[in-house]
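One structure is given here, and the rest of the page talks about it.
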There are 2 protein chains.
Amino acid sequence: MRIGQLAQLVGVETQTIRFYEQQGLLPPPSRQDNGYRVYTEKHGEGLAFIRRCRILGLSLAEIHKLQSYQDDPHQPCTAVNALLDDHISHVRSQITALQALENQLVSLRASCNDDREIEACGVLTGISEGNTHPAVGETSTI
Amino acid sequence: MRIGQLAQLVGVETQTIRFYEQQGLLPPPSRQDNGYRVYTEKHGEGLAFIRRCRILGLSLAEIHKLQSYQDDPHQPCTAVNALLDDHISHVRSQITALQALENQLVSLRASCNDDREIEACGVLTGISEGNTHPAVGETSTI
DNA sequence: TTAAATCTATAAAGCTACTATAAGGTCAAT
DNA sequence: ATTGACCTTATAGTAGCTTTATAGATTTAA
């Protein structure tokens, strides 16, 4: 199978496949006489694995680690689970940070309406004066 | 005030200040005879504004827009509020996506414990078999 | 006075994970 | 012979900085 077919099969761009090869995530395939890459089933599985990891938010470096673990099939999978646990807590802290940010933004937005001049805009003055953190012990005027 | 003092005042690196100037977010300051940049309080306020926007997750392009709005103090602030509303919904969809991701990851993690060999690792087989997402139409034999 | 330390300057590369473009070679069909 | 689809490599662009390289200016210590 050539690169275009593999790309269509897995749903990526051909450049992405070459990029993964260059990054050492996909083994270099053999070549036809004209230099075209020739892929096997194994490559397809490897590429699909990478894509699913990416969908799960794993970095290429993390994927690389997972691949290296797979090279020793009889080792315990402690490290794999640890990697996933780390990733889960990473995702959770992102969520927490974004929720805090959402609160800040909503509170900032509540300090203005559309009937003002720029000069008096609650959002802009809020940012300028550093009122980007919700005041403690102060009741919101929403 | 020179660049180092401004940097310390606002809590950024000197390179970041030069970078913002290069990106058109900070007006070019005047120079001493030796070429050193000389900053005023206005620059300090402008830089602090940029940093607070960045903390709120606004992109440099969005900050640029906010700055251009500030150039017309008597226009209505509708666009500012709209920009913030857009940003809020952007943040909210990020949160939603991350929460869905967290669920996937936790369910994947639950399919394994640390007492297995890599070969039988629930996490790795879960990813390999595509138990993570409805996505790519792969089969057991490609 | 001179050497070291600190500050400043510019320019360019590095980071992530691709995406896009350029310039060209290969192949089947027309 | 030429179109068009496919392939090749190399290079640049994306965001928002950070790091590095190299060099000149200024200040401080010996």
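We name chains A, B, ... by the order of the sequence lines, and we start the count at 1 in each one. These numbers come from the heavy atoms of this one structure, side chains and all, not from hydrogens, waters or symmetry mates. No experiment lies behind these values; they were computed from the predicted model shown.
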Length of the line joining [X]:[atom1] and [N]:[atom2], which is rounded to integer Å:
| X | N | atom1 | atom2 | result |
| --- | --- | --- | --- | --- |
| A:Leu6 | D:dC6 | CG | P | 15 Å |
| B:Ile50 | D:dG16 | CD1 | P | 12 Å |
| A:Gln22 | D:dT11 | CD | C1' | 11 Å |
| A:Ile17 | C:dC18 | CD1 | P | 12 Å |
| A:Ile3 | D:dT9 | CD1 | P | 8 Å |
| A:Gln23 | C:dT19 | CD | P | 13 Å |
| B:Gln32 | C:dC7 | CD | P | 15 Å |
| A:Ile63 | C:dC18 | CD1 | C1' | 12 Å |

Are there any protein N/O atoms within less than 3.5 Å of an N/O atom in nucleotides 20-24 of chain D, and if so, which ones and at what distance?
unit_1, atom_1, unit_2, atom_2, d
D:dG24, N2, B:Tyr36, OH, 3.1

When rounded to the nearest 0.5 angstrom, what distance separates SG in B:Cys77 from CG in A:Asp115? 8.0 Å
Where the side chain of [X] meets the backbone of [Y], is there a donor-acceptor pair that is under 3.5 Å apart?
| X | Y | answer |
| --- | --- | --- |
| A:Arg109 | A:Cys112 | yes |
| B:Arg52 | A:Ile127 | yes |
| A:Gln104 | B:Leu56 | no |
| A:Asp72 | A:His74 | no |

With a cut-off of less than 4.0 Å, is there a side-chain N or O of [X] near OP1 or OP2 of [N]?
| X | N | value |
| --- | --- | --- |
| A:Thr16 | C:dT19 | yes |
| B:Tyr20 | D:dG16 | no |
| A:Arg18 | D:dA10 | no |
| A:Arg31 | D:dT9 | yes |

Presence of salt bridge, A:Asp71 and A:Lys65, under 4.0 angstrom: no
Residue closer to the 5' end of DNA chain D, A:Arg37 versus B:Leu58 (nearest nucleotide): A:Arg37
Judged by nearest nucleotide, the residue sitting upstream toward the 5' end of DNA chain D, A:Arg2 or B:Asn34, is A:Arg2
Under a plain distance cut-off of 3.5 Å, with no hydrogens placed, do A:Arg54 and A:Tyr20 share a side-chain donor-acceptor pair? no
Minimum-distance nucleotide to A:Leu60 side chain [options: C:dT8, D:dG16, C:dC18]: C:dC18
Picking from D:dC17, C:dA17, D:dC7, which would you name as closest to the side chain of B:Arg51? D:dC17
